[in-house]
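Chain A is the first sequence line, chain B the second, and so forth, proteins listed ahead of strands; every chain is numbered from 1.
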Amino acid sequence: MTTNLTRPPGQRVPATAPALEVRGLVKHYPGVKALDGVDLVVRRNEVLGLAGENGAGKSTLLKALVGLVRPDAGEIWVRGEKVRLGSIADAADHGIGMVFQEQSLVPNLTAAENIVLGSEGPGVRHGIYRWNTMRRLAQEQLDKIGSHIDPLARTDSLSFADRQMVEIAKVLRIEERTSHPPVIILDEPTSVLESKEIETLFTQVRRLREFASVVFVSHRLDEVLDVCDRVAVLRGGRSVGEVPAADAAPAELHRMMIGSTGSDDHYHGAAAERPDEPRPRLVVRGLSGRTFRDVDLDVHAGEIVGIVGVHGSGREDVCRALFGAEPTTAGEVVLDGARLDLSGTRAACAAGIGYVPAERKTEGMVGPMSVADNMTLTKQGSRCTGPVVRPRKQAKLVDRWIERLSIRTPDRGTAIQRLSGGNQQKVVLARWLVAGDVRLLLLDHPTRGLDVGARSEVYRLLRELAGQGVAMVLLADSLEEAIGMSDRIVVMSDGRATTEVAAPADGKPTPLDLVKEMV
Amino acid sequence: TEEVGGGGPAAAAGACDPADITLVGQVRNESNPYEAAWLDGGDTFAEQVGLTQQRLTYDGDSTRQQEQISQLLAGDTECLVMNVLPNGDSDTPPIVEGAEEAGAYLVTQWNKPADLNVTDYDHWLSHITYDGVESGRQIGDALAEAIGGSGGVIALQGVLDTGAAKDRFAGFEESLAANPEVELLDDQTANFSRAEALEVTKTLLTKHGEDIEGIWAANDDMALGALEALEQAGRTDVAVVGIDAVPDALTAIEEGTMTATVSSDGPWQGGIGLAIGYCVATGELAVEDIADEDRAWFAEQFLIDQDNVADFVSPEITESDFACDNLFSRSQGAMS
Amino acid sequence: MSTPAVTEPAVAGPPVTGRAVAGRRLTSFMPVIALVVLLAALTVADPGFLTLNSLTAAARTSAPLVVLAAGATLVVLCGGIDLSIAALCSLATVFFALWLPDLGGLTTVAVVAATAAIGAAQGVAHVLLRIPSFIVTLGGLSIFSAIALVISDAGPIRVVDRDVTHWLTLYVGGVVPMAFVVALLVVVVVSLVLRSTPLESWIRATGYSESAARLAGAPVDVVKVAAFTVSGACAGLAAIMLVSRNFSGSPTMADNLLLPAVAAIVVGGTAITGGHGSLWRSLAGALVVTLLRVGLPIVGVPSAYEQILYGAIIVAAVALTLDRSKVQIIK
Amino acid sequence: MTSPADADLEVVHARRPRPRRGVSLRDAGPPVALVVVFGIFAALSPGFRTLSNVQNVLDAAAVLTVVTCGITFVLMMGSIDLSAPGIMGASAIAVALLVANNRNDNDYGLLGVVLAVLLGAGLGCLSGLALVTLKVPSFMTTLGISAVGLGVATLMFAGVQPNVSDRMLAGLAVERFLGLAHLTWIAFACVLVGWLVQRYSRLGRYAFAIGGAEEVLALSGVRVAPYKVAVFTMAGAFYGLAGVMVTSQLGAGLVQAGRGYDFSAIAAAVVGGTLLIGGRGGILHSAVGVLLVTVLTNGLVQVGVSPYWQGGVQGLIVVAAVAAAVIPQRRRNQVTK
Ligand SMILES: Nc1ncnc2c1ncn2[C@@H]1O[C@H](COP(=O)(O)OP(=O)(O)OP(=O)(O)O)[C@@H](O)[C@H]1O
Ligand SMILES: Nc1ncnc2c1ncn2[C@@H]1O[C@H](COP(=O)(O)OP(=O)(O)OP(=O)(O)O)[C@@H](O)[C@H]1O
Ligand SMILES: [Mg+2]
Ligand SMILES: [Mg+2]
């Protein structure tokens, strides 16, 4: 598949005006000033990184750029022209398209339909679908990003990462829709992708730069510096500066983001001292289910065991099975010497198991409910305020964790869906900690979407928990994270646990070692 | 807690100024010809005495009927006259007690539990009905005759939970006993509904096929539905009987597609109930003066077949029917 | 390697002020406003309508509907629907009439217990078999109707002994019907229990996002069964109110209350998709629906126009009461 | 600090579960249930397995099929539609008054039918408009429209039954082609049209998508409201047609022409596998559901189940059928509403 990388010269607008300019954008939400006079310039043919801690206002700013959020004040200029963006369609007509932080595909449509949705072009004539054309259009987009999925597969039958690729393929259609050089906005597109797919994406981003502008958001600062030409930093809804990517270091960016120094370091020293226990806390023998077979796993109290594997390795399902949320066909699980009932989530909760799901939006949180309610939704959570809720005690408890995890929320009564993604994740994590009696934590991508600071915070928290003897199974966001956080790493492939690699603080394996085992 | 006071004076000899009287007619709905004609009859009477009738409908919903009545009785009840078609037998007692307590004049028609005696009440003036057993038997006999005294028939029952449906079917069973050659092949309920009767009849026609020579329906609506099913099945040899003498049934009898029906005179029913109440409320008639056998009575009904159908095609209301001294002229005797 | 010195959270967020509290308050009072507006409109149409007697009668009339709607609200809050309430209520009137001669004063308790058990059975079927509540309760509807028809021999059963239900026909302070007081009690007690236990957040979580609730370890199944149980019990209680009013039990007595009860829930502003809503909203909704059912014909609206008005007004009422900030997608 | 890109030197290809495409096993439940129920009745009752009874079942399913065609699109969007009784009543009376009849001198023939269907479409459009402009849930707007339709029908009815004397309209129910009434062929045509709309038109696919994730459509720049209104309008047109069909069958316009069709149609659609939360199912699913329900009604009469019990047995079998269809696809943490 070849695509013309350059536009016909006639369509080029005089190169004086920037592709996109934002002046003094302000957006208030009840209790928060999400944007507080942001200025931003997106030049032509550049990849602009946007960095900022959770809740800094990145998503809000980007949503304003595609007409989803109506700013209270401020101006948006597109190619030297002041515009008013009332809707996504408006923005698309101006050549601005966006991949959202939370996935936004229609699950029961085919990938092809999702890709062309809203701009079907020749795929629909007079309201009638032309499936072949539509398939071809979608295939073109998928080819661009080198994805091999079947365009006519139903979206909900695709893996999370494949769906992300579909989203990217979809936003690339903006090329077809507008005659101007487009502006493509990617809000944390990589948080669920694997390195291979990230590399493909970056190739595309670089290709896009030839004729378009790209705004790229990620909490992986190394990544941002890698792909971007320039990085703008937001803090508390304000622009606090920008740096050329070429000569910046992650630490410097981090300092700009939070106003002090820190580092994006996964290697968190030696595991905390933990009581020597001869018997593992969790013993899994021969666990089999739909997507995994004969899995054996031991986790000691205070130990963090990482499971790594590619898509389809079945590691997510093992986690879910341990939590009773996925049926098993054979096998035995013993927690602290007692056989575990895997028939449902209640039994798992009662046994002291906690689970942080990967799909936060649909499985992790109850959007319209308050932060406090979300935090105390578990049996544990309710137990510590008693069979009769004691609102004061609940409030104190919740406030303590809001402070401890520095969750940015106007108050504990705010609906969790109003929080930024990272802060939502912290609430979900806090849910299992409020009661203080969790024995085993199953963490499926617990730092997805967290900023550097928050991530370090979570790492420290996990370490601390390990020190208190909590056993943990970690499906990490990246190999580095898995290596840095785990005491031991289990490699899964094709539904089987194939190898185990020790990862003591003083002898961490390299990512390469693991990749070799994974193939 | 205490009981709410209310209710009028115990004596029911009215002394209302005719102009103060409120006339209320309540039926299930205005979307069926029989009941619409009933309310029109009520209007005719009201006009006759220079008043208007308040038309209430409850859409065949017992609860709603009770709710309307209790709301009505919460208003001014001193000179309230109600001519009510209770939805089912069990709906009558609360209406009666409500009216008695509030001192409103009440006439009910069709449905009443057998053991509820009108004579026990002062404000429940009269209960009028047609003898369902009798009509069920009459059309049963007519059906037997139409099929030549022997053959298979099917029955379409009404809403199972109503006295009318049960009585009519009981009458049909009597008729079957008297005509041993007539065999009841099947009985199903079609809930007095034309559309349901159509479906049920279609199914029964395929089930029993040529064995069916006659269809007994507990009302004309169902009979008309059955006729439609027969037409769709291309059958012209089946005799159909119903009850109520709705205009379409009379037309069908005239045309010869239907065999017989039994009259019940909607417009008269709509007027007579109000008339009785009016006469008592104005004092022209005292409750004590109504004979016991006129407190709960069967109104006159006729078997209508091709021979006499012409007489019934346009029912006429005669003013004299509603005169205070002529109210009970159509009585066929007290309810047994 | 060293643990980085994690810095303090950058900005603690400015102190929160000026929330749109007033607006939020107003939307939560909308059901009451709708009720008052409707009452005013009826009074304008017929000045005789707004009398103490009339209001008392309306309150008495509304009691069974309030109870039915209150129970079903719990199921709706869980994201399901209970279509069996009316049929179950009819069945309960038959139970009551049949059992009264033998059980006497205990009948009330027995009937409520029986309907609660039946409700629970439906809940268990829904939860265990994973059949949508719509289907379970639609099946329940027809099964209960059939049972009621069979055990009552398809006819009403008179209740001669009125002592047992007499208390429901009394008036508190001479004006407030006892049945209505009981209905209020149901609403208040259930609301209080919900509010003071984790049940409320479990129910809401189940309604908003069942999978998230389950993965958070909330007892989703137990909560659902409980909701169906309460709904069943409420149907039983409503049945007793109907019997006290009609002096009989009948296999079809309450059947026509299904749509009004669900309408009451929706008119109150409870989201039919689950999660958002409350019992007192349903109380207000039931009163609105009752006023429409009895008020329109009584103030003299002809029956054809009555239906048209009824249709228009319930739509308008929901337009007023639904808090759209809580329910983003209106299906 | 290593970048993820450096870490991943090797290309990692995993075997992925094959994405689903086309017909899946989970759709098999209702058809299997239909076959089983049919088989049982055929075994129990000789009358049931006759050709004429099969014709009868198909004829009896005609009206419900058309209503269900309409409701399916609404359910696919995740909305609900209770307006069938009102719309059918209004169109039934309207058509009876527009074609040759005993009440007036109209004789518009086919045009009358078209006008009645348009009346249905108009009422359906109203409920859609109320949904998108007033933001009132469809449950309520359609319940309201149903009441409005009944009111309009009662007004037109005016106390006197309109009887149809139009040959064409009356003939639809009586005349047969290949053993089936013309109405049944109309129902087939509706299913076909519905299926084409569902599969090949933007309206149909968007209705499906709205049920799947309405907010995403909005995020993709699609204006959802017009499609919603269009779906309700189309549903209204189907109900209007169904009202005409009932009138043709009964030979008279009845206000109650549509009584009970709302719940029967929803039940049929759901039994066929359409989810009330939207985004699943379709016309063919619903057609299977309609057949299942109709076979049940017919079969229970054929095998002679007491009329008291029929409703109950039917309810039980519907629940059992759905349960049987659901069991193979039961998943942990599955959401059942
Ligand atoms: N719809 C909303 N209602 C109320 N507050 C909101 C809403 N959307 C965002 N906010 C608030 O605005 C602030 C900025 O949120 P935003 O989503 O833009 O952050 P972000 O920079 O994208 O963070 P993250 O990296 O975690 O995604 C947060 O404090 C958030 O709570
Ligand atoms: N004409 C067509 N050509 C190619 N693909 C099509 C065509 N029509 C539909 N599809 C796609 O093929 C698949 C089957 O379509 P359908 O709408 O029947 O889904 P389904 O599998 O039945 O879904 P569900 O199980 O939810 O009912 C879908 O993914 C659909 O998008
Ligand atoms: Mg964000
Ligand atoms: Mg399908």
Side-chain angles (χ1 to χ4, degrees), chain C residues 78-81 83 125-127 129-136 138-147 149-150 153-154 209-211 214-215 224 259 262-263 266-267 271-274 302-319 322 324 327-331, chain D residues 77-80 82 86 127 130-132 134-141 143-155 157 211 214-215 263 266-267 270-271 275-278 306 308-320 322-323 326-327 330-337:
Chain C
C78 288
I81 189 145
L83 299 179
H126 164 57
V127 164
L129 300 177
R130 308 278 165 87
I131 314 173
S133 56
F134 188 94
I135 294 287
V136 173
L138 193 64
L141 184 164
S142 39
I143 294 168
F144 303 151
S145 288
I147 296 177
L149 274 175
V150 172
D153 207 11
S209 172
E210 188 180 322
S211 51
R214 208 183 281 276
L215 287 179
K224 282 185 170 182
L259 282 181
V262 184
V266 182
V267 165
I272 196 86
T273 45
S303 92
Y305 293 102
E306 177 202 332
Q307 307 203 46
I308 296 176
L309 268 181
Y310 176 80
I313 294 175
I314 49 175
V315 172
V318 180
L322 188 63
R324 289 173 190 80
V327 194
Q328 260 118 19
I329 290 188
I330 314 277
K331 286 286 184 186
Chain D
M77 291 199 307
S79 298
I80 200 157
L82 301 176
S127 43
L131 167 70
V132 302
L134 297 178
K135 300 261 184 322
V136 171
S138 56
F139 181 93
M140 218 59 206
T141 64
L143 195 63
I145 287 298
S146 187
V148 170
L150 287 175
V152 170
T154 310
L155 279 181
F157 178 84
E214 180 175 343
E215 65 285 359
F263 278 104
I266 294 173
V270 174
V271 166
L275 288 188
L276 285 175
I277 48 169
S306 139
Y308 291 177
W309 278 115
Q310 273 173 23
V313 174
Q314 196 168 340
L316 206 59
I317 296 180
V318 164
V319 172
V322 173
V326 169
I327 282 172
R330 269 172 57 174
R331 277 178 301 120
R332 289 286 168 77
N333 196 32
Q334 174 186 320
V335 177
T336 30
K337 289 259 166 154

Considering only heavy atoms, which portion of [X] lies under 4.5 Å from any heavy atom of chain C: side chain, backbone, both, or neither?
X	answer
D/Leu82	side chain
D/Ile145	neither
D/Val132	neither
D/Met140	both

When C/Ile308 is tested against each of D/Thr154, D/Leu155, D/Leu150 for side chain to side chain contact (heavy atoms under 4.5 Å, CB included), which residue passes?
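That would be D/Leu155.
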Going by side chain to side chain contact (heavy atoms under 4.5 Å, CB included), D/Leu143 matches just one of C/Val318, C/Val315, C/Ile314, C/Val266. Which one?
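By the side chain to side chain contact (heavy atoms under 4.5 Å, CB included) criterion, D/Leu143 pairs with just one of C/Val318, C/Val315, C/Ile314, C/Val266: C/Ile314.
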Counting only non-hydrogen atoms closer than 4.5 Å, does C/Leu138 touch chain D with its backbone (N, CA, C, O), its side chain (CB onward), both, or neither?
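Side chain only.
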Name the region of C/Ile313, side chain, backbone, both or neither, that has any atom closer than 4.5 Å to a heavy atom of chain D.
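Answer is neither: C/Ile313 stays 4.5 Å or more from chain D.
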So how far is it from C/Ile147 CD1 to D/Tyr308 OH, rounded to the nearest 0.5 Å?
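C/Ile147 CD1 to D/Tyr308 OH: 15.5 Å, rounded to 0.5 Å.
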CG on C/Leu83 to CD1 on D/Ile266, rounded to 0.5 Å:
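Between atom CD1 of D/Ile266 and atom CG of C/Leu83 there are 8.5 Å.
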Heavy-atom pair of closest approach, residues C/Ser142 and D/Gly315:
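Shortest heavy-atom separation between C/Ser142 and D/Gly315 comes out as OG-CA, 3.2 Å.
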Minimum-distance pair of heavy atoms, taken over all atoms of D/Gly312 and C/Ile143
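Nearest heavy atoms, D/Gly312 then C/Ile143: O-CG1, 3.5 Å.
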Hey, which of D/Ser146, D/Gly144, D/Ser138, D/Ala267 has the most heavy atom pairs under 4.5 Å with chain C?
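Heavy-atom pairs under 4.5 Å are most numerous for D/Gly144.
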Residue, of D/Leu316, D/Val313, D/Ile317, D/Val152, that accumulates the most heavy atom pairs under 4.5 Å with chain C
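Option with the greatest count: D/Leu316.
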Using a cut-off of under 4.5 Å on heavy-atom pairs, state which of C/Val262, C/Val267, C/Leu309 scores highest against chain D.
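That would be C/Val262.
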Counting heavy-atom pairs closer than 4.5 Å to chain D, which one of C/Leu259, C/Val136, C/Ile272 comes out on top?
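Highest number of heavy-atom pairs under 4.5 Å: C/Leu259.
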